[in-house]
Amino acid sequence: PSPPAAQATAWPMPLPPLPPLPTVVDESLALPEGVLVALRDDTGLWLHRGAEKVRKLLDSGRMGSFKLSPDGRWVAYEVSTESNGWDLWVVSTASGTPKQIVDAAELAQRLPAQQYSSEYRRLTKLDAYDWGWSPDSAALVYGTYEASTETGVDTTFNDDLWRQPLSGGGSERLLAPGKGGRFAFSPDGAKVVLTRMVYEGGRIFNEIALADSQGGDSRVLLRLDPVGTDSEWRVFIMPQWSPDSRSLLLPLTRAAPADGYWTRSEDPVPMIRLQFDGSYRIIVPTVHIPLTQDYNGLWSPNAAAVAYYQPMLTLTDELAVTPPATRIATAEAVDGLGAYPRPNPTALMKDHAALMIASSETGVGEVYDWVRSGTHRLCWSPSGKRFAYDTGNGQQRWGALDERVRILGDSKGMTQCRWLSENQLLLDDAEGLRLHRLDGRQRQLMTAAKGESTDFAVHLPAPPHPA
């Protein structure tokens, strides 16, 4: 039988936002108790702790990216070497004493790279996009790649995983080459999710895998057709852990066309909740895939809701939703999605998206606000009751379920936001990083360099256990 005629989608009009409270610059505004913020400028690495005076931990030197340990006692950071890639060091947030943890020269000697010709020598190096802290803050975890020392290209990602204790000794291999990849530990520290590219039968797949935190019980959950762009840039779909560490949230990419390897990044896709046996349930029918690791769709810290941006399109064409080309485990059918939204050129709101706040169990929720099309930064407060976001048209806003949205202030292109408590957050845009309270008080922590976002990391104290 013929499919039913598609009906135009009726989008509810959200209430206009409440105006912002008067802004008051308050240089005495302090971080909440127990909160640490590490940030870097041209001169070095600085530490803000509660109401204490800011202090310098390190000179910038050859420092690369940095990460605060889960317990807040250390900052790990990259140090560039002349030819061997990156060393990894740590510095104590209490004493400011630095210590080398991973030696790039030792790594290259321990893991000899495969040599394909006598013209260029290849070395094994630490993957600057693939390292972080172990859940217990006792070690650094990293992956490696091989590349030519002369050209910097001819790169092979090993997709392995190593653990180097801060106490010393040799690195322990957690996952063999081909079994690792970019990784994220679960909130409870028991498991690690991995994403990597695999080549099989003349095809390329984005493989989502799971292992325990010590590298055991490694298994593949799902294979997706990878997301490509019109350039050499490829998107790794990085799943997001549920706060209870029992499932994963990620977009389900559509099957690549028969004449290509990549699925299109501009096509809206379903968002799914993936279980550890490889089965999944669709939570949201259509979201955009952004070209960053921070993909569209953010789980609230209390696991009750998912925030996402849905294209405001009308259903004008019928298009079957094609599942991934390969599945490792039994997965629920995708047929229930029905018609696939296609743009209607006459639609009034075709250049906008709806900010949706939906139940993480059922996907049922509300249209909270309208924003410019695309995906924009959004962050949840620690309790999951409030959220802040950028509209894409010059405003930063905050809201809460069952409450009317309020304007935070003018936006210069918000690149990051992070709540520190239920009424205080960090906002980073083209003017720099500022500490902002919901009562309108604010303090500039750093002025931005032209065209650059602020490098910062945050440690929040653990919430008190219920009595």
Side-chain angles (χ1 to χ4, degrees), residues 181-182 184 193-198 200 203-210 219-229 234-242 246-258 260-299 303 305-311 313 315 317-342 353-354 356 358-365 374-375:
R182 296 185 181 178
V193 65
L194 307 121
T195 181
R196 55 186 175 246
M197 292 293 176
V198 296
E200 185 177 290
R203 291 188 60 86
I204 306 172
F205 299 102
N206 186 174
E207 201 167 71
I208 308 298
L210 186 74
R219 60 189 185 276
V220 175
L221 300 182
L222 195 64
R223 273 183 176 173
L224 306 171
D225 282 343
V227 180
T229 67
R234 294 178 296 177
V235 179
F236 287 77
I237 298 298
M238 189 70 211
Q240 181 190 158
W241 281 100
S242 65
R246 297 175 63 182
S247 57
L248 299 155
L249 188 73
L250 70 156
L252 182 69
T253 62
R254 298 179 184 277
Y261 294 107
W262 315 102
T263 184
R264 300 193 311 168
S265 61
E266 62 268 26
D267 278 351
V269 298
M271 186 160 60
I272 63 172
R273 187 170 187 167
L274 180 64
Q275 305 299 325
F276 295 165
D277 62 357
S279 65
Y280 59 77
R281 182 163 53 85
I282 294 167
I283 298 296
V284 175
T286 51
V287 297
H288 280 301
I289 304 176
L291 305 183
T292 67
Q293 291 293 346
D294 298 326
Y295 65 87
N296 190 3
L298 288 173
W299 226 312
V306 173
Y308 65 98
Y309 296 106
Q310 181 165 343
L313 310 172
L315 304 182
D317 295 320
E318 291 289 335
L319 180 65
V321 178
T322 308
T326 304
R327 298 219 191 108
I328 301 302
T330 302
E332 295 180 21
V334 192
D335 300 337
L337 288 180
Y340 173 61
R342 280 297 195 193
M356 307 288 292
S359 164
S360 58
E361 290 295 330
T362 65
V364 176
T375 55

(request) First locate atom CG of L298, then atom OH of Y309, and finally report the distance between them rounded to the nearest 0.5 Å. (result) 8.5 Å
(message) Distance check, rounded to the nearest 0.5 Å: I282 atom CD1 versus R273 atom CZ?
(response) 14.5 Å
(message) Using a 3.5 Å distance criterion without hydrogens, assess whether the side chain of S242 forms a donor-acceptor pair with backbone atoms of S247.
(response) yes
(message) Within the 4.5 Å heavy-atom criterion, are V220 and V198 side-chain neighbours or not?
(response) no
(request) Identify the two heavy atoms, one from W241 and one from A184, that lie closest to each other, and give their separation to 0.1 Å. (result) NE1-O, 2.9 Å
(request) Can you see which heavy atom on R196 is nearest to which on G181, and at what distance? (result) CB-CA, 4.3 Å
(message) Measuring from atom CD of E200 to atom CD of E207, what distance do you get when rounded to the nearest 0.5 angstrom?
(response) 8.0 Å
(request) Considering non-hydrogen atoms only, spot the tightest contact between R219 and F276 and give its length. (result) NE-O, 3.4 Å
(request) Taking the side chain as every heavy atom from C-beta outward, state whether P239 and I208 have any pair of such atoms under 4.5 Å apart. (result) yes
(message) For a quick test of reading the model, state the closest non-hydrogen atom pair linking I283 to S360 and the distance between them.
(response) CD1-O, 3.2 Å
(message) Once rounded to the nearest 0.5 Å, what's the spacing between atom OH of Y280 and atom CG of L252?
(response) 4.5 Å
(request) Give, for atom CG of L249 and atom CE of M238, the distance between the pair rounded to the nearest 0.5 Å. (result) 12.5 Å
(message) Taking I237's backbone N and O only, do any of them form a donor-acceptor pair with T195's side chain (distance below 3.5 Å, no angle check)?
(response) yes
(request) Mark yes or no for whether D225, through its side chain, and F205, through its backbone, hold a donor-acceptor pair below 3.5 Å. (result) no
(request) Kindly compute the distance separating CD (Q240) from CG (L250), expressed to the nearest 0.5 Å. (result) 10.0 Å
